[in-house]
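First comes the structure, then the notes that go with it.
A note on names: the letters A, B, ... follow the listed sequences, proteins ahead of strands, and every chain is numbered from 1.
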Amino acid sequence: MNIKGIPGAPGIGIGTASVLNKDLNIPRFAFKNAEEELNRLSDALEESKKQVTLLKERALKNSHKDVADIMEAHLMMLDDPEFLGKVKQSIQEEKLNAEFAVWSVAQEYIETFEKMTDEYIKARAADLKDVAERIIRNLTGTLVDLSDLPEGTILVARDLAPSDTAQIDRDHVVGLVTDEGGPTSHVAIMARSFQIPAVVGTKTATQNIKNGDKLVVDGSEGIVEISPEKHVLEAYEKKLSGWKHEQEELSELITVPAITKDGTKVKLEANIGRPEDVETALKFGAEGVGLFRTEFLFMDRSSLPTEDEQFEAYRKALEGMKGKTVTIRTLDVGGDKDLPYLGLERENNPFLGWRAIRYCLDRKDVFKTQLRAILRASAYGNAAIMFPMISSVEEVIEAKKVLKEAQEELKKENVPFDEHISVGIMVEIPSAAVAADLLAPEVDFFSIGTNDLTQYTLAVDRDNQKVRDYYNPLHPGVLRLIKRVIEVGESTGKEVAMCGELAGDDKATEILLGLGLRVFSMTSSSIPRVKKVVISSQKEQSQKVAKEAARL
Amino acid sequence: MGTEHVETEVTLTNPTGLHARPASLLVQTAAKFKSNITLEKDGRTASAKSIMGVLSLGADQGSRIKITVEGEDAKAAMQALLDLVKDNFGEK
């Protein structure tokens, strides 16, 4: 049988299913020998410590200091004499089995922590939950260690958290399948950057797939074949070798310049989410970073990142790109993200709510800290600043006012920065596209964010299964908005880039070229495929294709 | 060697109280000694060698903490802990 989902990351993976069961079962049973229970506990603790130490070392090696700090806190909990004392006492005196004892003692602490007003301690409740779950899973033998999966594994899960995906060994995992998620969900983005074929949003994968099932993941079509028949498997094996061949062909394109047949120069840039990603960007021949998302600095933590922490991250990306442009987008979060320390609340309509630049203009302290960090880093490379979610010119003026304040502060402190840093905006709200001429005098560049622009223009939530078929970035309405921005850019001499998903979709490249787009920013691994279209295109033909698509 | 018993009350002056790094630092310091070290705040006690116990106290800046140390190296342990508090756990 096969199941259908949403294409998450292209490619074909053939391998063996490892189903990640995130439901935690805590068995409760009577035992005769307390000594034996205590031994089971101590074995599970040793095992847990080994695992966490490994994760910590790995995080340090990849310079994810934030992750390493969390792992260190987990290690302290695994060694905590008071906690372990209470667990042992429950085993000996209350005759609770090890799993149940760990759970009930942890629960007491969790309740205490959750009652505290202090955000830091509240966040420790989540850490303790994590630690307790690890001990229990080691006791019951239900722990799936994502960092140590055998070669040829296809990971199947309801959903994967960032920390799950981060552990994955890219050489051993050949495919990902999830019940939840859409094309822009975290799993899909990570899978594309790791180049692991993925099918997301299958709804039923964890019900239909058993551990050890032979699977084929077709991440380009969004299909998962479960225990396929011989002829199906052979067809996919053939397809896989074709895909590998194509990849090799594309890899030869990496050093080829992106120039059309009739000599138009096109700039292909990378979207990145962490400073380490610049390595991959350069590997695929990116000519710059068109979008550096800065949200990673704010995720999975309980307090604001400091100016220095941010500065280090930006500097690392700038130095890594060796003088090529790095366009840093200021904080883009809203009520859809659970970051209580930012003071964000759940909203009925987070995508129409208090988010991105709107939040930053109300929380100028947070905003200015980030701008100061970006400015300080600008002394170490070629930085540009980009404001997200701009709907009208007043927001740009106000944002630039804060930027100016930051610049003056730094000048007074004698801190070096690039005084001519480029300042631009994301065009993702239809009003910004329609009224681009009003915005042009205030900006150095535009960057079109097609995901949100499409969502807002067509009034459709692409993660909502019932309406996602309405989501179409090639809708004539959307294409005409894109055309409008490009025309304003041409007449005012302001660069127009595109950093949405559409920029990396080689089926749209010709249309976008025809509309006049010259700067494309995308997931690094998409660059060669888009380049292949660029070098074989010609102005007349692409303009014709664009006209038809926009029905002009 | 005899068992010593010392106790002192201190006020936390560092900005974050016994959270995050200060709490870890205190636990790591306490763990170096053989003595039993207990902290008490508002009637709640915790072992200074337990990160979870220390966090459960919810001690913030300005909190009064009673430190009780019992054991063969009690005096040295107390001195080390007082130094940490006096030094604001290395915070500004």
Practice item. Under 4.5 Å heavy-atom distance to chain A, tell me which part of B:Ala46 shows up: side chain, backbone, both or neither. Key: both
**Study point:** Which portion of A:Met116 sits near chain B, non-hydrogen atoms under 4.5 angstrom
**Key:** side chain
Review point. So, for A:Leu371 and A:Ala406, which heavy atoms are closest and what is the spacing to 0.1 Å?
Key: CB-CB, 4.4 Å
Check your understanding: A:Phe296 ring centre to A:Arg274 NZ or CZ under 6.0 Å, with the angle to the axis within 45°?
Key -> no
Practice item. Compare every heavy atom of A:Glu82 with every heavy atom of B:Ser47, then report the nearest pair and how far apart it is. Key: N-OE1, 3.0 Å
Point to revise | Region of A:Leu128 that comes under 4.5 Å of a non-hydrogen atom in chain B | key: side chain
Exercise for review: Give a yes or no on whether A:Lys129 atom NZ has more than 12 heavy-atom contacts from other residues, nucleotides or ligands under 6.0 Å away.
Suggested key: no
